[in-house]
Number of protein chains: 2
Amino acid sequence: MKNRIRVLRAEKKWTQEDLADAIGVSRQTINAIEKEKFDPSLPTAFRIAGLFERTIEEVFQFEESDA
Amino acid sequence: MKNRIRVLRAEKKWTQEDLADAIGVSRQTINAIEKEKFDPSLPTAFRIAGLFERTIEEVFQFEESDA
DNA sequence: TTTTTTTGTAAAGCTTACTTGACATTTAAA
DNA sequence: TTTAAATGTCAAGTAAGCTTTACAAAAAAA
């Protein structure tokens, strides 16, 4: 699973912590998702997409090689 | 999190097991997701939506009351 | 109605999403 | 260049997604 969080976050000039606080997860979680260490849960994905006013598909790109 | 899996599955006349096999999860997992006992992971949500040729937003409806 | 298929559900176990806390490294600001 | 802010990462713990096995209940087919 790829994602465009880092780019979208930069556009808004938000820190990882800003984003984390806005959606109610830890800063480490945002860092891990951005660095693609693991995939977010579906609710977390919805919250991230919602905050950026994008669809999930615009933020996350599924690849068949995903777990 | 609400979802329209049961309806979409009925349209295709697939059993829970058909769907489970098609996306590579257990029948119990499909049953639990349909009955909203838990949310699917993001990869599982992508696979379900993809199989029905719908966006994630068309299949799953996020509600702020979600965990 | 009897049989078969489908769905519902539970327990125990494994994996992964996510947490807090801590500390090192990189980047930006003073 | 010194300081502060932002990012990267690790360890240990909790919670949730998902598995297999098993069996009961409901629905559909014979």
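Keep in mind that this is a model prediction, so the values were computed, not measured. Residue numbers start from 1 in every chain, and the chains themselves are labelled A, B, ... in the order their sequence lines are given, proteins ahead of strands.
When rounded to the nearest whole Å, the span between CG of Asp21(A) and P of dT7(D) equals 12 Å. Rounded to an integer number of Å, the gap from Glu34(A) CD to dA17(C) P is 16 Å. If you measure from atom CG of Asp39(A) to atom C1' of dT15(C), you get 13 Å, rounded to the nearest angstrom. Remark: P of dA17(C) and CZ of Arg47(A) are 16 Å apart, rounded to the nearest angstrom. Summarising the geometry, the separation between CD1 on Ile23(B) and P on dG17(D) is reported as 14 Å, rounded to the nearest angstrom.
Annotation: side-chain contact (heavy atoms from CB on, under 4.5 Å) contacts of Glu63(B) (sequence neighbours excluded): Lys2(B), Ser65(B), Asp66(B). Under the side-chain contact (heavy atoms from CB on, under 4.5 Å) criterion, Ala45(B) pairs with Leu42(A), Pro40(B), Ile56(B), Phe60(B), sequence neighbours left out. Partners of Glu11(A) according to the side-chain contact (heavy atoms from CB on, under 4.5 Å) rule, which considers only residues two or more places apart in sequence or in another chain, are Val7(A), Leu8(A), Arg54(A). For Phe46(A), the ring pair (Phe, Tyr, Trp, His ring centres under 6.0 Å) partners at least two apart in sequence or on another chain are Phe62(B).
With hydrogens and angles disregarded, no donor-acceptor distance shorter than 3.5 Å links the side chain of Glu53(B) to the backbone of Ala49(B). Looking at Asn3(B), its side chain does come within 3.5 Å of a backbone N or O of Ile33(B) through a donor-acceptor pair.
Contact check, Asn31(A) against dT7(D): no side-chain N or O comes under 4.0 Å of OP1 or OP2.
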Scoring nucleotides 19-30 of chain C by protein non-hydrogen atoms under 4.0 Å (B base, S sugar-phosphate only, - none) yields BBBB--------

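Remark: nothing in residues 56-65 of chain B comes within less than 4.0 Å of DNA chain D through any heavy atom. Scanning residues 5-19 of chain A for heavy-atom distances under 4.0 Å to DNA chain C yields an empty list.
Taking every side-chain heavy atom of Ser41(B) into account, dG17(D) is the closest of dA17(C), dG17(D), dC18(C).
Within the structure, ring pair (Phe, Tyr, Trp, His ring centres under 6.0 Å) pairs that include any residue of residues 9-36 of chain B comprise Trp14(B)-Phe52(B) (at least two apart or interchain).
Looking at which nucleotide of DNA chain C each of Thr44(A) and Lys37(B) is closest to, the 5′-most match is held by Lys37(B).
Each end of the helix from dT1(C)-dA30(D) to dA30(C)-dT1(D) gets its own axis, taken as the rotation carrying the C1' atoms of four end pairs onto the next four within a five-pair window, and the two axes meet at 50° to the nearest 10 degrees.
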Could you tabulate the donor-acceptor pairs under 3.5 Å formed by side-chain atoms of residues 16-26 of chain A, not counting sequence neighbours?
{"residue": "Gln16(A)", "atom": "OE1", "partner": "Asn31(A)", "partner atom": "ND2", "Å": "3.2"}
{"residue": "Gln16(A)", "atom": "NE2", "partner": "Glu34(A)", "partner atom": "OE1", "Å": "3.3"}
{"residue": "Asp18(A)", "atom": "OD1", "partner": "Thr15(A)", "partner atom": "OG1", "Å": "3.4"}
{"residue": "Asp18(A)", "atom": "OD2", "partner": "Thr15(A)", "partner atom": "N", "Å": "2.9"}
{"residue": "Asp18(A)", "atom": "OD2", "partner": "Thr15(A)", "partner atom": "OG1", "Å": "3.3"}
{"residue": "Ser26(A)", "atom": "OG", "partner": "Thr29(A)", "partner atom": "N", "Å": "3.2"}
{"residue": "Ser26(A)", "atom": "OG", "partner": "Thr29(A)", "partner atom": "OG1", "Å": "3.0"}

